[in-house]
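Side-chain atoms are counted along with the backbone in the values below, which use heavy atoms only and exclude waters and symmetry mates. Residue numbers count from 1 along this sequence.
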Amino acid sequence: MSLRQRLLLLFSLTIAAAVAAVAWTVLVRIREVFNQQDQEKTSLLVSQFQREFQHRSADVASAVDRLANAERVRNMALELSQSSDAAPELTEAQALAIEVRVDFLEIVGPDGNIVSSAQWPARFGYPEAAVNGVGAQVFLKREDLPDGASALGVFAVRPVRGAPQVRILGGMRLDQQFLADLPTPAGVEAYLYSSDGAADAAASTQSSFDPKRLLGVNGVVANAARYQPLIDAVRRTGQQSSSIVYLTDRRDDSVSATVLPLKSEAGQVMAVLVVSASRRQMVEAQQHIRAIAYGVAATGILLAIGCSVWIAGRVSRPIEELARAAEEVARGNWDTRVDARSRDEVGTLARSFNHMTGELTAQREKLIQSERVAAWRELARRLAHELKNPLFPLQLTVENLVHARGLPEEEFDEVFRESTRTLSMEIANLKTIIGRFSDFSKMPKPHLERMDAAEAITRVALLYFPWKGTAAEECDVTSAGEQKIDCCMMLDTGPLPIDADPEMLHRALSNLVLNAMDAMPDGGKLTLSAKCLDDHIEIRVADTGEGLTPEECERLFTPYYTTKQHGTGLGLAIVQSVMADHAGTISVESQPGGGAAFVLIFPKAASTGETQA
């Protein structure tokens with residue numbers, strides 16, 4: 001990723017993150033404010049409902065008390081106590097209900113049966129169980145109506161003064177009109193859900209949900225089924241509950257609903273009050289904030305693009321030119337120059353770069369000459385050191401021959417034979433040393449040809465290790481020091497094609513095998529392996545010797561560096577040169593006490609079809 005792209009990405013992410021953080025904070029704050037307002041409105045409506053409920057309860061209790069103390073009702077009650085004929089009072093309840101303005105009124109005789117009913121005259125003679133709990137408080141009760149429906153109301157029971165066996169049961173409805181009398185805040189609705197009038201309160205609580213029984217000021221509530229889980233939970237537990245209800249699939253049609261249970265004297269839920277606060281304003285405000293945030297973010301990103309383009313022209317483009325010029329210098333083109341017209345820090349950097357390349361060009365020839373002199377001096381020092389060791393025994397041998405010239409013929413012949421043997425051995429040693437220096441100083445150019453890496457490995461193995469059996473994977477050898485070295489070959493069964501010089505590859509592998517044998521003076525195991533990995537061939541020469549330290553691994557391929565007591569230190573340098581001529585690489589994997597493995601990587605030769613293509 002270029003600097004220009006990074007600047008654009010950085011500016012865009014910074015602006016987007018800042019806008020997102022501000023928008024998120026505002027959205028959270030808006031939600032908190034609206035939730036607090038909804039709670040306040042809900043609390044206000046609930047308190048209004050409680051006051052209205054208490055007011056209506058007081059009205060019912062007052063109306064029933066007036067009737068229980070009225071002279072007309074007392075006379076009627078005395079007649080009922082003295083006579084079993086209640087027919088004259090059959091319509092009395094309707095007139096009394098109109099007089100005291102109650103919705104429900106029943107006169108219950110001494111036997112507990114209805115004498116007169118304002119809401120259902122045909123119930124004359126039916127028992128009324130509600131009068132058994134006569135008390136000073138009002139209570140909720142569901143009243144059956146002639147049309148088969150039922151209505152929820154606030155009831156009170158009072159005995160008639162002077163005739164306590166006769167009782168007055170009166171009540172007022174809890175219905176749409178009751179909800180209409182509530183002063184509801186803006187955006188808040190109150191709904192009332194009552195049970196279906198089952199035989200007892202427990203059965204009513206457990207009855208299934210009926211959306212038509214959720215009533216508001218305007219009648220049946222739309223999408224009433226959306227409130228079912230919340231209402232069922234309150235009917236089941238008898239505890240107040242709150243939740244967000246989604247009336248449609250749109251988020252702005254959601255409401256914050258609070259459901260309160262309305263219980264009978266026995267503690268069973270007779271109805272529930274639903275307070276629904278619309279969340280439309282909050283959702284619209286949040287959507288408005290999001291739209292503003294998106295607009296600000298888009299504008300900020302456009303500004304970021306403009307800033308990045310401007311900065312690219314002032315900063316990144318000169319830096320890119322400096323980077324390209326540095327690459328050219330790395331390739332060896334030290335005459336590269338960059339434009340340094342600006343007078344800011346980038347221009348100073350460009351002028352410094354031009355000065356640096358000029359200095360490098362001026363110092364290059366001096367450095368080359370110094371390196372050549374140093375290389376020749378090091379070569380001369382190494383050559384002198386290597387030639388000194390065999391020259392000393394040659395000098396001693398010649399001096400022995402001079403001294404032995406005056407000895408008898410038999411003794412002289414013995415000294416002569418011993419001296420000539422020593423001379424031959426040391427001269428051969430000198431030839432070997434000179435040959436190695438010669439090979440390193442003038443490595444021939446490789447003559448590449450198509451060959452199989454497995455054949456080259458097998459050829460080297462056969463040269464140093466006689467076969468133990470018929471299988472090519474097992475062989476052994478016993479060196480001059482009598483150490484036992486087992487050789488194991490692990491080669492892929494498929495072809496391992498490479499383009500290589502057979503003789504140079506043979507020389508490199510032989511050098512690695514001899515080094516591995518020298519690393520195991522007390523015997524061990526030598527493993528030669530080759531396998532094909534994607535687009536290259538990997539050859540490994542591993543031993544179980546003492547291994548190498550990390551410092552030795554770093555300097556191992558340096559010319560003239562050796563870990564042996566004898567040797568020129570050119571063997572691995574020659575192998576590295578061979579690998580470089582074959583466009584390959586060589587590396588070493590080792591740790592002290594764990595042996596060493598030399599890894600050779602050759603490019604895989606293309607097949608015949610690929611070559612033609």
Side-chain angles (χ1 to χ4, degrees), residues 1-46 183-191 216 218 221-231 233 240-259 274-320 323 344-346:
M1 184 180 293
S2 65
L3 177 61
R4 186 181 310 174
Q5 294 172 334
R6 291 180 181 177
L7 289 174
L8 175 59
L9 181 61
L10 177 62
F11 289 159
S12 301
L13 291 179
T14 302
I15 293 174
V19 172
V22 173
W24 180 81
T25 304
V26 173
L27 291 175
V28 171
R29 183 55 184 162
I30 287 176
R31 183 167 64 248
E32 292 176 352
V33 169
F34 275 91
N35 288 340
Q36 183 178 359
Q37 291 180 355
D38 291 343
Q39 292 175 1
E40 293 175 355
K41 292 179 180 179
T42 300
S43 300
L44 178 61
L45 183 58
V46 170
T184 57
V188 180
E189 297 288 342
Y191 308 132
N218 300 321
V221 178
N223 301 314
R226 300 279 183 164
Y227 294 93
Q228 178 180 353
L230 193 58
I231 294 176
Q240 176 179 332
S241 180
S242 300
S243 178
I244 296 176
V245 177
Y246 292 90
L247 303 179
T248 64
D249 295 335
R250 297 180 53 178
R251 187 166 172 265
D252 52 355
D253 289 334
S254 61
V255 297
S256 178
T258 300
V259 180
V274 180
V275 180
S276 174
S278 176
R279 301 173 74 240
R280 180 180 296 275
Q281 290 184 352
M282 183 192 72
V283 174
E284 290 178 351
Q286 289 181 333
Q287 291 175 345
H288 184 62
I289 294 299
R290 288 194 184 95
I292 294 176
Y294 293 150
V296 172
T299 304
I301 292 175
L302 291 177
L303 290 176
I305 295 175
C307 291
S308 65
V309 171
W310 181 80
I311 293 177
R314 296 295 303 271
V315 178
S316 64
R317 188 176 296 110
I319 292 178
E320 291 174 357
D344 53 9
E345 291 81 358
V346 178

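Atoms CG and CD1, on L27 and I30 in that order, are 6.0 Å from each other to the nearest 0.5 Å. Taken to the nearest 0.5 Å, the CD atom of Q36 stands 5.0 Å off from the CD atom of E40. Taken from CD in Q39 to OG1 in T258, the straight-line distance is 8.0 Å, to the nearest 0.5 Å. Separating the OG atom in S254 from the CD1 atom in I244 is a distance of 6.5 Å, to the nearest 0.5 Å. With values rounded to the nearest 0.5 angstrom, E189 atom CD is found 7.5 Å from N218 atom CG. Atom OG1 of T42 sits about 10.0 Å away from atom CG of N35, to the nearest 0.5 Å.
Across V221 and G216, no two heavy atoms sit closer than the pair CG2-N, 3.7 Å. A pairwise comparison of heavy atoms in L45 and P183 identifies CD1-O, 4.3 Å as the closest pair. Residue Y246 comes nearest to R226 through the heavy atom pair O-CD, 3.1 Å, listed as atom of the first residue, atom of the second, then distance. Shown here for M282 and F34, the closest heavy-atom pair between the two residues is CB-CG, 3.5 Å.
Heavy atoms of other residues, nucleotides or ligands lying less than 6.0 angstrom from CG of N223 number more than 12. Heavy-atom neighbours of Q281 CD from other residues, nucleotides or ligands within 6.0 Å: at or below the threshold of 12.
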### Query
What do the steps show when you test V19 against Y294 for side-chain contact (heavy atoms from CB on, under 4.5 Å), and what is the final call?
CA-CA 8 Å; V19 172; Y294 293 150; over 6 Å; no

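Taking 4.5 Å as the limit, some side-chain heavy atom of D253 sits within range of a side-chain heavy atom of R280.
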